[in-house]
Amino acid sequence: MGQINKASEILNNARKPVFLAGGGVNIAHANKEMTQLAELSGVPVITTIMGKGAIPTTNSLYVGNIGIHGNYAANSAISNCDVLFSIGTRFNDRITGKIEEFAANAKIIHIDIDAASISRNIVVDVPIVADAKKAICALLEKARSLDISEWTEEINRWKMEYLIDMGKAGLTPQMIIQSINELFKDAIVATDVG
């Protein structure tokens, strides 16, 4: 709880915070709690590929994926944040790029159930070894709404200015996913790399 208290204090004093949700959020079935934490605090959420779905992609606080499979807004938010609050991620090279440049000006908080994953690739300021759902529930008790509207507006500008749009010419992956979403309200889509 001492580390949760420290993490909460850092988050509550942040001016440009982001949550980075990884597969650990999904594995812990903490999607509802992650969404509640984001909405209560107003902090934007970025996901890894395995973290996709940690909060609904239709939520206004969802920014997108990070790294080589990510978008401009998500990568820029990580580069410019002052607090990076990571939950259930491994910080692999597909999301970090050059380690020395990754979230270079941010205090990094990392929650992971596997102690060996913490500070393995990215050295963190506040390590928390815990189940994602239990940790998020503890954070919910200490969270408050943050006055970060300028930050969220900047991220939203990036999202609009650098919008990923495949256009309407021919059949595109975007069109296929949109059709699946329209036809199946509760579809489960599995992805892989390579």
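Throughout, residue positions are numbered sequentially from 1 according to the sequence presented. Just so you know, these numbers come straight off a predicted model, no measurement behind them.
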* Asked: Is Ile99 reachable from Ile68 through a run of hydrophobic residues whose side-chain heavy atoms are each under 4.5 Å from the next?
  -> no

* Which atoms form the tightest heavy-atom contact between Ala77 and Val18, and what is the distance? -> CB-CG1, 4.1 Å

* Between CG on residue Asp82 and CZ on residue Arg15, distance to nearest 0.5 Å -> 8.5 Å

* Going by atom types alone, do Tyr62 and Lys159 pair a side-chain donor with an acceptor below 3.5 Å? -> no

* What is the minimum heavy-atom distance between Ile155 and Ala73, and which atoms define it? -> O-CB, 4.1 Å

* Structure fact -> dist Ser119:OG -> Asp125:CG (nearest 0.5 Å) comes out at 8.5 Å

* Could you tell me whether the side chain of Asn71 and the main chain of Val63 form a donor-acceptor pair under 3.5 Å? => yes

* side chain to side chain contact (heavy atoms under 4.5 Å, CB included) between Asn80 and Trp158: does it pass, once the steps are laid out? -> CA-CA 12 Å; Asn80 291 286; Trp158 291 331; 3.7 Å; yes

* Structure fact -> In terms of heavy-atom contacts, Leu61 and Ala38 come closest through CD1-O, 3.2 Å

* For the atom pair OG (Ser60) and CG (Asn156), what is the distance rounded to the nearest 0.5 Å? -> 7.5 Å

* To do: Over all heavy atoms of both residues, which pair between Ala21 and Ala54 is shortest? Give the atoms and the distance, please.
  => CB-CB, 3.6 Å

* Asked: How about Leu84 and Ile109: do any of their side-chain heavy atoms sit closer than 4.5 Å?
  -> no

* Hey, does Asp114 have a side-chain heavy atom less than 4.5 Å from the side chain of Arg90? -> no

* Should we say atom NZ of Lys107 is surrounded by more than 12 heavy atoms from elsewhere, each under 6.0 Å from it? -> no

* Would you say the side chain of Thr96 lies within less than 4.5 Å of the side chain of Asn121, judging by non-hydrogen atoms? -> no

* With sequence neighbours excluded, what pairs up with Glu33 under the side-chain contact (heavy atoms from CB on, under 4.5 Å) test? -> Ala30, Gln36, Lys133, Ile136, Cys137, Leu140

* Partner of Thr47 by side chain to side chain donor-acceptor pair (under 3.5 Å), out of Thr89, Asn26, Asn65 -> Asn65

* Structure fact -> Those residues at least two apart in sequence (or on a different chain) that pass salt bridge (charged side-chain N to carboxylate O under 4.0 Å, His left out) with Lys16 are none

* Derivation and outcome, side chain to side chain contact (heavy atoms under 4.5 Å, CB included), residues Phe91 and Leu20 -> CA-CA 10 Å; Phe91 289 117; Leu20 175 59; 3.9 Å; yes

With a cut-off of 3.5 Å and sequence neighbours excluded, list every side-chain donor-acceptor pair involving residues 141-151.
| from | atom 1 | to | atom 2 | distance (Å) |
| --- | --- | --- | --- | --- |
| Lys142 | NZ | Asn5 | OD1 | 3.1 |
| Arg144 | NH2 | Asn12 | O | 2.7 |
| Trp151 | NE1 | Pro17 | O | 2.9 |

* Distance flag, aromatic centroids of His110 and Phe85, threshold under 6.0 Å -> no

* Are Ile4 and Ile10 grouped together when hydrophobic residues (ILVMFWY) are joined by side-chain heavy atoms under 4.5 angstrom apart? -> yes

* Asked: Is it the case that one hydrophobic cluster holds both Val129 and Ile111, taking links as side-chain heavy atoms less than 4.5 Å apart, direct or via other members?
  -> yes

* **Nearest-0.5 Å distance, CD1 of residue Ile66 to CD1 of residue Ile46** => 6.0 Å

* To do: Indicate the atoms forming the closest heavy-atom contact of Gly22 with Thr48, along with that distance.
  => CA-OG1, 3.4 Å

* Sub-3.5 Å donor-acceptor pair from the side chain of Asp112 to the main-chain atoms of Ile118, do we have one? -> no

* Asked: Counting heavy atoms not belonging to Met1, are there more than 12 under 6.0 Å from its CE?
  -> yes

* Taking atom OG of Ser8 and atom CG of Leu139, what is their separation to the nearest 0.5 Å? -> 4.5 Å

* Structure fact -> So CZ of Phe19 and CG of Leu37: to nearest 0.5 Å the spacing works out to 3.5 Å

* To do: List the atom of Phe102, the atom of Ile78, and the distance in Å for their closest heavy-atom pair.
  => CE1-CG2, 3.6 Å

* To do: Spell out, yes or no, whether Val123 and Ile87 are grouped together once hydrophobic residues are joined by side-chain heavy atoms under 4.5 Å, including indirect joins.
  => no

* To do: Output yes when a side-chain donor or acceptor of Asn59 lies under 3.5 Å from a complementary backbone atom of Ile55, and no otherwise.
  => no

